[in-house]
Student: 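To start, I am sharing the structure in question, which I have written as structure tokens.
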Amino acid sequence: MSEKTDKPIVFTLTARCRDCYRCLRSCPVKAIRMQKGQAYVDEKRCIACGTCIRECPQKAKTFRYDIDVAQNLIDNGHFVAASIAPSFAAVFNSWQRVRLASALRTLGFRYIGQTSRGAYQVSAHTSKIIEKDVNVYPYIATACPALVNYVEKYRPELVGNLLPIVSPMVAHARMLKEKLGSEIKVIFIGPCVAKKSELDRPGITGIVDCVLTFNELMQWFEQKRVNLATCEESNFDEKPVHVAQLYPLPGGSIKTAGMKDDGLSLTSLRVEGVENVKEVLREIPLKSPYRLIEPLFCSQGCINGPGVDMEKNLFERRRNIIEYDTEVKGVSTAPSLENVDLFKARFAKEEGLFHEVSEEEIQRILERTGKFDPEQQLNCGACGYGSCREKAIAVAHGMAEPEMCIPYMRQLAERRTDHLFTTTPNGIIILDEELNILGVNPAFKKFFT
């Protein structure tokens, strides 16, 4: 069984939060709850995509680090295997890649595997399912856990379209435990924060024992004083799988499944980036011409995940993935597995996240901030919501505060200023830059009566 923790996956460092609403603006599902000017992540609504982590300028949003969980698995004497996501080629330079296995063994890993082998099997079974179940089109690929979380929570009517197959991470972990013994522990290392939410999914609990991001791995190296430059060159215990190494890029899973992936096909569709994914899912017709839709929440795919160091240029990371796949071209593919049940996945509709808000309640909230008249509803987006009405509904749900409206707060400030101007016992005269009188308060007038 994987070790449990009560810590949320994505959360706020309140001391750093500066009341800027940027996380709320960027959150694709508005899972940020504002309370007394602090932005908290609502765990029930959060899909763990990590967008707020990437966008927060104050670094107030972060994710749960599980280095201690991984360290405990090793310290307790378990046989621990690493499953390295194919996006590692985007994170580590060529000289680092040939030393990575040695560095992981220094940490205590006893087997170093490549998740691309699970990815190959997922795509192989994807092809079989698509050919067999023609009435379910379009199928939606499920390698991206943020996408699965989003569909289950916010588009439950599309749960039936989710490809009933586990992610490459889970597929590879099952392959490792079948090969090395069910008692071994598997730690997945990749670019994705949402993978942490995948650990406790129905039918998956205990298959993967811990998830670390590449950022966590680098911090672990630093804690243990493991320097890649001084590690010897060595091989992984598993060979990479050509083409499956492209899984982190848009179209990678489609190409691995043997389908056309040039972006111009009418039978498959690759889409990346939060807004594009939401748009595609919003417009899916009941009878779509697409057989498979491959959505990746992160722009440009997994190489831009929140668990990746952003110092290296995004398109350099993309090039590194393609070059590494070219290097391993000709490597034999992963062995065929006949046990299809090994890859079945279950998904659930999540309902009850929001209660219905009456029109009367919406209008009352709008009126509280001086927006009863539609002309006063500026829809400026400064609060983080797309419209004044959307924000009013969020207030009704307890996710937002009326004081988040900047035009409203400015009006209140101006009213207070006007009140002070008229009630202060001090004489005040307002002049323009040419010393023309613009106004005087009552106290000033008394000086001349």
Student: Begin with the C-alpha distance, continue with both residues' side-chain angles, and end with the deciding distance and a verdict on salt bridge (Lys or Arg N to Asp or Glu O under 4.0 Å) for Lys177 and Asp209.
Tutor: CA-CA 11 Å; Lys177 293 195 173 187; Asp209 300 278; 3.2 Å; yes
Student: Restricting to non-hydrogen atoms, name the atom on Ser116 and the atom on Pro240 that form the minimum distance, rounded to 0.1 Å.
Tutor: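 Shortest heavy-atom contact: OG-CA, 4.0 Å.
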Student: Is there a donor-acceptor pair under 3.5 Å between the side chain of Arg117 and the backbone N or O of Met175?
Tutor: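 No, because the side chain of Arg117 does not come within donor-acceptor range (under 3.5 Å) of the backbone of Met175.
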Student: Could you tell me whether Lys30 sits above the aromatic face of Tyr385, with NZ or CZ closer than 6.0 angstrom to the six-membered ring centre and within 45 degrees of the axis?
Tutor: yes
Student: If you look at every heavy atom in Ala119 and Thr256, which pair is closest and at what distance?
Tutor: O-CG2, 4.4 Å
Student: Side-chain contact, heavy-atom cut-off 4.5 Å: Leu107 with Lys224?
Tutor: yes
Student: Got a salt bridge between Asp309 and Arg317, using NZ or NE/NH1/NH2 to carboxylate O under 4.0 Å?
Tutor: no
Student: When you measure from the side chain of Lys391 to the backbone of Pro402, do you find a donor-acceptor pair of N or O atoms at a distance under 3.5 Å?
Tutor: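 Judged by distance alone, yes, a pair lies under 3.5 Å.
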Student: Consider only side-chain N and O atoms of Asn93 and Lys312, and report whether a donor and an acceptor are under 3.5 Å apart.
Tutor: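 Yes, side-chain donor-acceptor contact under 3.5 Å.
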Student: Say whether Glu294 and Ser268, considering side chains only, have a donor N or O and an acceptor N or O under 3.5 Å apart.
Tutor: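 No.
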Student: If we only count heavy atoms from C-beta on, is the Leu163 to Ile129 side-chain gap below 4.5 Å?
Tutor: yes
Student: Search all heavy atoms of Asn379 against all heavy atoms of Cys388 and return the closest pair with its distance.
Tutor: OD1-N, 2.9 Å
Student: For the residue pair Phe109 and Tyr111, is the inter-centroid distance of their aromatic rings smaller than 6.0 Å?
Tutor: no
Student: Are any non-hydrogen side-chain atoms of Leu199 and Val211 less than 4.5 angstrom apart?
Tutor: yes
Student: Which atom pair, heavy atoms only, marks the closest approach of Ile204 to Glu198?
Tutor: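 Heavy atoms of Ile204 and Glu198 come nearest at CG2-O, 3.5 Å.
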Student: Please check if the side chain of Asn76 supplies one atom and the backbone of Asn72 the other of a donor-acceptor pair under 3.5 Å.
Tutor: yes
Student: Return yes if some donor-acceptor pair links the side-chain N/O of Arg97 with the main-chain N/O of Phe92 below 3.5 Å, else return no.
Tutor: yes
Student: Taking only Lys NZ, Arg NE, NH1 and NH2, and the carboxylate oxygens of Asp or Glu, determine whether Arg318 and Glu316 approach each other closer than 4.0 Å.
Tutor: no
Student: Grab the two heavy atoms, one from Ala194 and one from Ser197, that are nearest each other, plus how far apart they are.
Tutor: O-OG, 2.5 Å
Student: Does a side-chain N-to-carboxylate-O contact under 4.0 Å join Glu178 and Arg174?
Tutor: no
Student: Does any N or O in the side chain of Asn276 come within less than 3.5 Å of the main-chain N or O of Glu272, such that one atom is a donor and the other an acceptor?
Tutor: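 Yes, because the side chain of Asn276 sits within donor-acceptor range (under 3.5 Å) of the backbone of Glu272.
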Student: Looking at CD1 of Ile189 and CG of Asn215, how far apart are the two atoms once the value is rounded to the nearest 0.5 Å?
Tutor: 12.5 Å
Student: Quick one about Ser83 and Thr115 (side-chain donor to acceptor, distance below 3.5 Å, no hydrogens or angles considered), yes or no?
Tutor: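 Looking only at side-chain atoms, Ser83 and Thr115 do form a donor-acceptor pair, the distance falling under 3.5 Å.
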Student: Side chains of Leu158 and Phe347: closer than 4.5 Å at any heavy-atom pair?
Tutor: no
Student: List the steps and the verdict of side-chain hydrogen bond (donor to acceptor under 3.5 Å, both in side chains) for Ser234 and Ser102.
Tutor: CA-CA 6 Å; Ser234 66; Ser102 292; 2.6 Å; yes
Student: Out of Gln71, Lys196, Lys7, which one pairs with Asp66 under the side-chain hydrogen bond (donor to acceptor under 3.5 Å, both in side chains) rule?
Tutor: Lys196
Student: Are Arg99 and Glu233 close enough for a salt bridge, meaning some N to O gap below 4.0 Å?
Tutor: yes
Student: Roughly how far apart are Leu378 CG and Ser387 OG, rounded to 0.5 Å?
Tutor: 11.5 Å
Student: Can you check ring pair (Phe, Tyr, Trp, His ring centres under 6.0 Å) on Phe214 and Phe88, steps first, answer last?
Tutor: CA-CA 8 Å; Phe214 289 122; Phe88 85 95; 7.5 Å; no
Student: Give a yes or no on whether the backbone of Ile254 and the side-chain of Arg270 come within a donor-acceptor separation of less than 3.5 Å.
Tutor: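 Judged by distance alone, no pair lies under 3.5 Å.
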Student: For the side chain of Gln377 and the backbone of Lys371, is there at least one donor-acceptor N/O pair under 3.5 Å apart?
Tutor: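 Yes, because the side chain of Gln377 sits within donor-acceptor range (under 3.5 Å) of the backbone of Lys371.
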Student: Got a second to check how far Thr213's OG1 is from Met218's CE, nearest 0.5 Å?
Tutor: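 Thr213 OG1 to Met218 CE: 11.0 Å, rounded to 0.5 Å.
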Student: So among Pro191, Cys298, Cys49, which one has a side chain to side chain contact (heavy atoms under 4.5 Å, CB included) with Pro306?
Tutor: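 The side chain to side chain contact (heavy atoms under 4.5 Å, CB included) with Pro306 is passed solely by Cys298 among Pro191, Cys298, Cys49.
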Student: Evaluate the side-chain proximity of Lys185 to Cys210: yes if any heavy-atom separation is below 4.5 Å, no if none is.
Tutor: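 No, every pair of side-chain atoms sits at 4.5 Å or beyond.
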Student: Distance only, no hydrogens: is a donor on one side chain within 3.5 Å (strictly under) of an acceptor on the other, for His242 and Glu327?
Tutor: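 No pair is found: no donor N or O on one side chain lies under 3.5 Å from an acceptor on the other.
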Student: Does Lys61 reach the main-chain N or O of Ala39 with its side chain, forming a donor-acceptor pair under 3.5 Å?
Tutor: yes
Student: Can you check whether Ile321 reaches Leu246 side chain to side chain, under 4.5 Å on heavy atoms?
Tutor: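 When only atoms from C-beta onward are counted, Leu246 and Ile321 do touch, with a gap below 4.5 Å.
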Student: Between the side chains of Ser265 and Thr267, is a donor N or O closer than 3.5 angstrom to an acceptor N or O?
Tutor: yes
Student: For Thr326 and Glu323, which I'm curious about, is there any donor-acceptor pair between the side chains at under 3.5 Å?
Tutor: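 Result is no, nothing qualifies.
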Student: Do Ser123 and Ser253 have side-chain N/O donor and acceptor atoms under 3.5 Å apart?
Tutor: no
Student: Verify, without hydrogens or angle tests, whether His172 (side chain) and Gln114 (backbone) share a donor-acceptor contact under 3.5 angstrom.
Tutor: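 Indeed, once roles are kept as given, a pair shorter than 3.5 Å links the two residues.
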Student: How far apart are the closest heavy atoms of Asn235 and Ala101, and which atoms are they?
Tutor: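 Smallest interatomic distance, heavy atoms only, reads O-CB, 3.6 Å.
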Student: Could you check whether Arg201 pairs with Glu152 (Lys NZ or Arg NE/NH1/NH2 to Asp/Glu carboxylate O, under 4.0 Å)?
Tutor: yes
Student: Using ring centroids (six-membered ring only for Trp), state whether Phe11 and Tyr40 fall under 6.0 Å.
Tutor: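 Between Tyr40 and Phe11, the centre distance exceeds or equals 6.0 Å.
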Student: Tell me, do Val122 and Thr142 make a side-chain contact under 4.5 Å, heavy atoms counted?
Tutor: no
Student: Could you check if a side-chain atom of Leu162 sits within less than 4.5 angstrom of a side-chain atom of Leu147, using non-hydrogen atoms only?
Tutor: yes
Student: Check Arg389 with Glu359, please: is the shortest side-chain N to carboxylate O separation under 4.0 Å?
Tutor: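 A salt bridge is present here (some side-chain N lies under 4.0 Å from a carboxylate O).
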Student: Just by distance, do the side chain of Arg25 and the backbone of Ala382 share a donor-acceptor pair under 3.5 Å?
Tutor: yes
